[in-house]
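The basis for the numbers below is simple: all heavy atoms, side chains too, and nothing from hydrogens, waters or symmetry mates.
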Amino acid sequence: ERMTSESVLTEAAEKIQVVAEAVRKAADSEGPFLMGVEELPLEETLAAVKACETAATAAHTKVSIARMFIATKLVETKRFTKVPGEETQEKLKNYQMQLEAHTRKLNELKNATTARKKKSLMREAENEVSKAEELAKKVAEAAAIFEDDAKLFALSTEEISKATEETTKAEVAANTALSDARKFITDRQIEIRGSDS
């Protein structure tokens, strides 16, 4: 029992160390957000958020493995004789408390990443909508010639044809941008709903 106890405690200590390292890596992945820059460029923000999510997922996996190991060993060591069993139980409970502290830290990191992701998705959506709005303004500018009848009657058929073509091209570009913006927003809403469940 003493050898088994030592083996269990050594393995538990190793698992806690692995968790601590994974949580540290997750915290380190937040580096770009902690450099004092008010707001990173959108592409950098999205890449940094993805790195944070990846590191947090890896850490979460390590936490789950350690939690299962400790819970299993707590049950197993209850079968030991009184002295080695109680000592091992006490040390495992100590590791369990350390694990919970790492879990709290990891949850804080995950919450911060989620908030940053939502903010970056809003920025990205605003960017998509802004593109569509700019192209809609170009449609209005191209179509302005058709609003004044006096100017329209003064134009040759070739000029009217050219203005029609320019307006149509601008309208197609604006509709495409609008469709892309709608698709982007819908995709993000679906993605967020999926991650909330």
Donor-acceptor under 3.5 Å ([X] side chain, [Y] main chain):
X    : Y    : value
S179 : N175 : no
N111 : N107 : yes
S161 : T157 : no
T45  : L40  : yes
E159 : S156 : yes
Q89  : L74  : yes
T168 : T164 : yes
T167 : A142 : yes

* Give the C-alpha distance, both sets of side-chain angles, the deciding distance and a yes or no for side-chain contact (heavy atoms from CB on, under 4.5 Å) between V75 and K78. => CA-CA 5 Å; V75 170; K78 283 184 180 178; 5.6 Å; no

* Does the ring of F184 carry R182 above it, NZ/CZ under 6.0 angstrom from centre and within 45° of its axis? -> no

* Asked: With a cut-off of 6.0 Å (strictly less than), are more than 12 heavy atoms of other residues, nucleotides or ligands near CZ of R24?
  -> yes

* Asked: If you draw a 6.0 Å radius around NZ in K25, do more than 12 non-hydrogen atoms from other residues or ligands fall strictly inside?
  -> no

Does any part of the side chain of [Y], heavy atoms only, come nearer than 4.5 Å to the side chain of [X], both counted from C-beta?
X    : Y    : value
K118 : T114 : yes
E128 : K131 : yes
K183 : T186 : no
E76  : T72  : yes
K15  : I70  : no
H60  : K110 : yes

In one Ile/Leu/Val/Met/Phe/Trp/Tyr side-chain cluster, 4.5 Å: [X], [Y]:
X    : Y    : value
I185 : L178 : no
F69  : V23  : yes
L109 : L46  : no
I160 : I145 : yes

Less than 4.0 angstrom from a charged side-chain N to a carboxylate O is my criterion; do [X] and [Y] meet it?
X    : Y    : value
K162 : E165 : no
R116 : E30  : yes
K138 : E141 : no
R188 : E124 : no
K137 : E134 : yes

* Locate the shortest heavy-atom distance separating A174 from A136; write the atom from each residue and the value. => CB-N, 3.9 Å

* Structure fact -> Scanning both residues in full, the closest heavy-atom pair of A177 with L135 reads CB-CD1, 3.4 Å

* To do: Could you give me the CA-CA distance, side-chain angles and deciding distance for V18 and E14, then say whether side-chain contact (heavy atoms from CB on, under 4.5 Å) is met?
  => CA-CA 6 Å; V18 167; E14 289 169 358; 5.5 Å; no

* Asked: For the atom pair OG (S5) and CG (L92), what is the distance rounded to the nearest 0.5 Å?
  -> 7.5 Å

* Asked: Between the side chains of T88 and T77, does any donor sit under 3.5 Å from an acceptor?
  -> no

